[in-house]
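Note that ligands are numbered from 1 as they come in the structure, with each ligand's atoms numbered from 1 the same way.
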Amino acid sequence: MKHWQQVERARALLAKEVGYVIKPHGGRLRVALAFPNTYFVGMSNLGFQTVYSLFNAEDGIVCERVFLPAKSELAEQKLAGVPLVTLESQTPVREFDVLAFSVSFEWDYTNVLTMMRLAGIPVRAAARTHHDPLVMIGGAVTFVNPEPLALFADVIAAGEGEALIPPLVRAFRTASGRDDFLQQLVHERGYYVPSFYDVRYNDNGTIRAFEPRAGTGAPAVVRKAALKTTEASDPPATTIFTPDTEFGSRFLIEVVRGCANLCRFCWAGYNYLPVRAFPKERILELAAKARPHSNRAGLVSIALCDHPDIEEILTRLVEMGFAISPASLRLDDITPTILSLLRRSGEKTITIAPETGSDRLRRVINKTVTNDEILAAADMIFASGIENLKLYYMIGLPTETDDDLVAIRDQTLQLREIMLRHARGRGQIGRIVGSVNPLVPKPGTAYQWLPMEDDGSINRKIRRMKSLTADIDNVYFNIKSERHSFYQALMSLGDRRVAPAIEAAERNGGDWRAAVAESGVDADFFVFRDRSGDAVLPWDIIDGGMKSSFFRSEFDKSTRAEQTLPPKRQKENARLLPVLQ
Ligand code: SF4
């Protein structure tokens with residue numbers, strides 16, 4: 001793709017957008033904000049849109065977007081060697097002061113490298129000079145485990161954008177140059193400069209220590225940056241509307257952040273504590289402002305109904321004429337009022353996450369709903385007129401047996417019965433879609449020491465699940481392959497030594513098996529090893545706010561199928577948590 005073609009394409013996209021920002025560059029910190037996937041995917045990412053607004057809200061910053069070219073253009077652009085440009089002013093990314101990536105998914109790691117190569121920027125931080133933009137990597141993955149990306153980033157921004165951007169602006173205003181800028185940033189919460197540390201290893205390959213280099217001022221541990229309270233904050237919301245995106249012109253808004261249920265596998269639950277609700281008035285004002293550009297509201301919250309005013313918010317959104325899509329509903333939140341509001345808004349499908357089919361295994365993972373409660377919730381869902389149900393299940397959970405897999409099938413059959421009973425009166429049968437994923441133990445959870453279940457065993461379970469769930473009318477199951485999860489686990493659980501595998505996978509177009517073989521990375525070491533004896537874990541360099549001793553005790557309780565907190569006690573639960581200081 002030639003430069004003029006990139007310019008034309010950018011202008012065509014802008015012509016269909018509402019809400020983008022154009023600012024003069026002179027005298028401002030120029031930030032190219034990159035989403036390591038296509039425009040189509042990136043523009044539906046609320047985190048990305050939020051960081052764009054936060055940057056541009058600062059007078060001293062001009063922020064422009066850049067995306068991975070679509071597949072059809074990527075090969076051509078790689079060959080042509082034409083530098084990647086931003087959308088707003090079609091300026092080559094290389095000319096910006098900062099290239100900031102917002103990374104939400106491990107699968108996008110290779111795209112981070114591709115975009116740097118397309119921009120003409122060396123992918124390894126050590127190979128970059130003062131003539132290159134400073135490469136900053138932020139987004140959800142970075143405060144879970146930034147280490148696999150450590151060698152590619154000049155600085156990693158760990159935490160929530162609202163808390164990260166003001167110190168960045170402060171440092172830019174006062175820094176005398178790039179080195180000084182980095183040295184100032186490491187004194188701020190959430191900023192991790194990987195090159196300021198030497199990582200020492202034990203003979204068995206585990207990490208002995210992260211040692212801050214003398215004279216850098218880098219802290220022993222980087223504390224995640226997070227908003228203490230959202231009472232006076234604007235909720236993150238779509239500010240740029242475009243029809244050319246995964247969710248169309250949907251107005252996305254975050255209603256409440258965090259979830260206090262403490263499911264032992266859930267990094268989002270642990271990492272976004274404490275639960276913080278955004279002000280109802282601002283949610284509704286922003287929605288009213290967005291209404292001329294959008295008729296569908298996507299409510300992005302993992303525990304939507306923890307907002308104290310959720311019923312009023314839904315009622316007002318319905319009155320404004322929005323169709324409403326909740327990301328997913330927590331089973332213990334479902335009420336007839338909420339369902340009827342969603343149904344009135346046109347919603348036909350509800351997504352819930354039983355995770356497994358047995359009460360025993362749910363106690364293991366600390367999911368505090370029972371089979372009876374799930375069936376009662378399904379009855380309420382179908383009675384409200386909702387036609388379809390989406391279910392999330394996991395396999396490969398600790399202590400799981402074949403009985404637990406059969407229980408997933410049995411529970412699905414019971415849910416189907418309930419769906420059919422309600423459908424009979426309506427003459428319209430919906431469908432149930434089950435999604436089954438092998439557990440990938442995540443950093444920053446009670447399962448952070450757990451090895452992933454070995455491939456032989458997980459493959460047997462996948463085959464078993466496929467045969468158990470085949471040929472059930474009106475029920476469809478998507479069962480994720482073990483290999484897919486294995487490489488995701490490598491990127492999730494690895495440290496900076498997996499960087500060569502990411503580079504090889506980027507070069508060979510995503511063939512991870514070949515990439516791991518070529519790079520010589522011992523993937524099994526990172527994925528299948530029991531880490532419970534490790535003194536230092538790769539992600540310990542970031543302090544996410546939860547204490548290791550708490551995770552240890554949760555891990556032990558898990559093996560005894562013991563729950564930490566009784567159900568339906570969110571308020572008391574919140575008080576008990578070792579949350580951010
Ligand atoms: S209820 Fe859902 S969001 Fe909350 S901790 Fe459990 S899995 Fe995570």
**Report entry** N, O or S of Cys263 under 2.8 Å from atom 6 (Fe) of ligand 1
**Finding:**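 Coordinating: yes.
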Report task. Examine distances only and state if a side-chain atom of Asn145 and a backbone atom of Gly494 form a donor-acceptor pair shorter than 3.5 Å. Result ->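 Yes; judged by distance alone, with no hydrogens or angles, the pair exists.
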Query raised in the report: Considering only the protein, which heavy-atom contact is closest to atom 8 (Fe) of ligand 1, and what is its distance?
Result: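 Answer for atom 8 (Fe) of ligand 1: Cys266 SG, 2.4 Å.
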Query raised in the report: Tell me, which protein residue and heavy-atom name are nearest atom 4 (Fe) of ligand 1, and how many Å apart are they?
Result: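 Residue, atom and distance for the closest contact: Cys259 SG, 2.2 Å.
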Query raised in the report: Measuring from the heavy atoms of Phe265, does anything fall under 4.0 Å of ligand 1?
Result: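 Checking ligand 1 against Phe265, which is what was asked, there is a heavy-atom contact under 4.0 Å.
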Going by side-chain contact (heavy atoms from CB on, under 4.5 Å), [X] matches just one of [options]. Which one?
X	options	answer
Leu468	Ile408, Asp410, Thr412, Leu405	Leu405
Asp234	Glu162, Glu254, Arg282	Arg282
Glu147	Ile156, Leu537, Ile542, Asp495	Asp495

Query raised in the report: Should the pair Tyr272 and Trp267 be assigned to parallel (<30°), tilted (30 to 60°) or perpendicular (>60°) ring geometry?
Result: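 Answer is tilted, since the angle falls between 30° and 60°.
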Query raised in the report: Which is closest to atom 7 (S) of ligand 1 by heavy-atom distance: Arg330, Lys367, Arg264?
Result: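 Checking each option, the heavy atom nearest atom 7 (S) of ligand 1 is found in Lys367.
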**Report entry** Interfacing atoms of ligand 1 (cut-off 4.0 Å, heavy-atom, Asn261)
**Finding:**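 Counting atoms of ligand 1 from 1, those under 4.0 Å from Asn261 are 1 (S), 4 (Fe).
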